[in-house]
Student: 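Encoded as structure tokens, here's the structure I'll be asking about.
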Amino acid sequence: MADKHVILTADRPTGKLHIGHYIGSLRNRVKLQNSGDYQTFIMIADMQALTDNARDPEKIRRSLIEVALDYLAVGIDPEKSTILVQSQIPALNELTMHYMNIVSVSRLERNPTVKTEIRQKSFGQSVPAGFLMYPVSQTADITAFKADTVPVGDDQEPMMEQAREIVRSFNHIYNKEVLVEPYGVFPPKGEGRLPGLDGNAKMSKSLNNAIYLADDPDTMQKKVMSMYTDPNHIHVEDPGQIEGNTVFTYLDAFDPDKAKVAELKAQYQRGGLGDVKIKRYLNEVLQAEFEPIRQRRAEFAKDPDHVLQILKAGSEKANQVADQTLQEVRDAIGINYFKNL
Ligand code: TRP
């Protein structure tokens, strides 16, 4: 049998994960993991998180365990997936150094996602060098494991393109097919992004419009009841709008009973279905989906050392793979001077 496809994917630990992450990627990762068709590596990208948080390492440290708990809670299974911590894999740093020599500064400055982030983060004239080159370090993350499949959000396409360029340059310059070209796997159109509670296109901590996987039932309910709907739907009997109505976007994403959702939509559009009622229904749907996740999270949270053990074991396993790739890279470049001594 041919070698299995390899998945590498990651999150920056800058806070707890929310149900937007769940829709955008976590749910799909669990499915891919359970398909048995892939060798799966899931990385907590603490080094990448530090590229714009060097002065607040405590935030990253705290978030590391939160993200690990979120992974375990949604069903990422350390028996099936290797969960690793980026900073604990030294080979990634050397790979990054080698790749930095075959990518130009102007190419890095042209990366559209990095450009947008630089604007959003208001670095001004003080863009950290590490931030500008994080796509290179991300290429190291991916290639160290010879991943060919990278499930990510749409905003990561420029990273994938840059990674493929680096891989091709490397293999070409050193005249050897050492590195594997990776391809992003993106959520189906229209399904990848859950809007925030306020109807903003993006759910995020900074916009304060997120439901977290760790939220307790009360908090979740309060957030659902505060959600943005159709601002012109004032009286129960008024006809309401479905388009851009966050409650229905969430029902589409979460309610397995599609027929019921279709019926509710029709009723809402005709008039006669109140916002409070439809929000209560959404709340039930969400509570049912997230109760088992919440319980698993609470169970793992009781024993943080056990969680750290899982990360340690995963990182050790990952080091074996990454070290092997680094050897091949050194061989290709010819900096293996002492190999035969
Ligand atoms: N940049 C990714 C994000 O912000 C996180 C990440 C780091 C990543 N290294 C990676 C994603 C490698 C995929 C592969 O979501």
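Ligands are counted one by one from 1 in listed order, and the atoms in each one are counted from 1 as well. Positions are given from 1, in the same order as the sequence printed here.
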Student: What closest approach, in Å, do Asn111 and Pro135 show between heavy atoms, and which atom pair accounts for it?
Tutor: ND2-CG, 3.8 Å

Student: Any idea which part of Ala10 is under 4.0 Å from ligand 1, heavy-atom wise: side chain, backbone, both or neither?
Tutor: both

Student: Just which atoms of ligand 1 are under 4.0 Å from any heavy atom in Ala45?
Tutor: 7 (C)

Student: Give me the atom names and distance for the closest heavy-atom approach of Lys260 to Tyr281.
Tutor: CG-OH, 3.3 Å

Student: Using a strict 4.0 Å cut-off to heavy atoms of Met43, name the atoms of ligand 1 that fall inside it.
Tutor: 9 (N)

Student: What residues form a side chain to side chain contact (heavy atoms under 4.5 Å, CB included) with Ala144, not counting sequence neighbours?
Tutor: Leu92, Leu95, Ala322

Student: Taking 4.0 Å as the limit for heavy-atom contacts, which would you say applies to Gln86 with ligand 1: side chain only, backbone only, both, or neither?
Tutor: neither

Student: Taking 4.0 angstrom as the limit, do Lys258 and Glu263 come out as a salt bridge?
Tutor: no

Student: In the protein, which heavy atom is nearest to atom 14 (C) of ligand 1, and how far is it?
Tutor: Leu8 CD1, 3.5 Å

Student: Once you measure the plane-to-plane angle for Tyr22 and Phe254, does it fall in the parallel (<30°), tilted (30-60°) or perpendicular (>60°) bin?
Tutor: parallel

Student: Which residue holds the protein heavy atom closest to atom 9 (N) of ligand 1, what is that atom called, and what is the gap in Å?
Tutor: Asp141 OD2, 2.9 Å

Student: Which residue in the set Lys16, Arg296, Arg297 passes salt bridge (Lys or Arg N to Asp or Glu O under 4.0 Å) when paired with Asp70?
Tutor: Arg297

Student: Could you find the nearest protein heavy atom to atom 3 (C) of ligand 1 and give me its residue, atom name and distance?
Tutor: Gln156 NE2, 3.8 Å

Student: Taking only heavy atoms of Val152, which atoms of ligand 1 are found under 4.0 Å from at least one of them?
Tutor: 11 (C), 13 (C)

Student: So which bit of Met159 gets within less than 4.0 Å of ligand 1, heavy atoms only: side chain, backbone, both or neither?
Tutor: neither

Student: Counting distance only, does the side-chain N/O of Lys279 pair as donor-acceptor with the main-chain N or O of Met227 below 3.5 Å?
Tutor: yes

Student: Tell me the protein heavy atom at minimum distance from atom 7 (C) of ligand 1, and give that distance in Å.
Tutor: Gln48 NE2, 3.2 Å

Student: When you measure from atom 11 (C) of ligand 1 to every protein heavy atom, which one gives the shortest distance, and what is it?
Tutor: Gln138 NE2, 3.6 Å

Student: Can you sort out which atoms of ligand 1 are near Val150, meaning under 4.0 Å from one of its heavy atoms?
Tutor: 13 (C), 14 (C)

Student: Tell me: protein heavy atom nearest atom 4 (O) of ligand 1, and distance?
Tutor: Arg12 NE, 3.3 Å

Student: Check ligand 1 against Ile142 and write out every atom of the ligand that is under 4.0 Å from a heavy-atom position of the residue.
Tutor: 12 (C), 14 (C)

Student: Considering all heavy atoms of both residues, which atom of Val180 and which atom of Thr143 are nearest to each other, and what is their separation?
Tutor: O-CG2, 4.3 Å

Student: Is the backbone N or O of Tyr212 less than 3.5 Å from a side-chain atom of Asp215, with the two atoms forming a donor-acceptor pair by type?
Tutor: yes

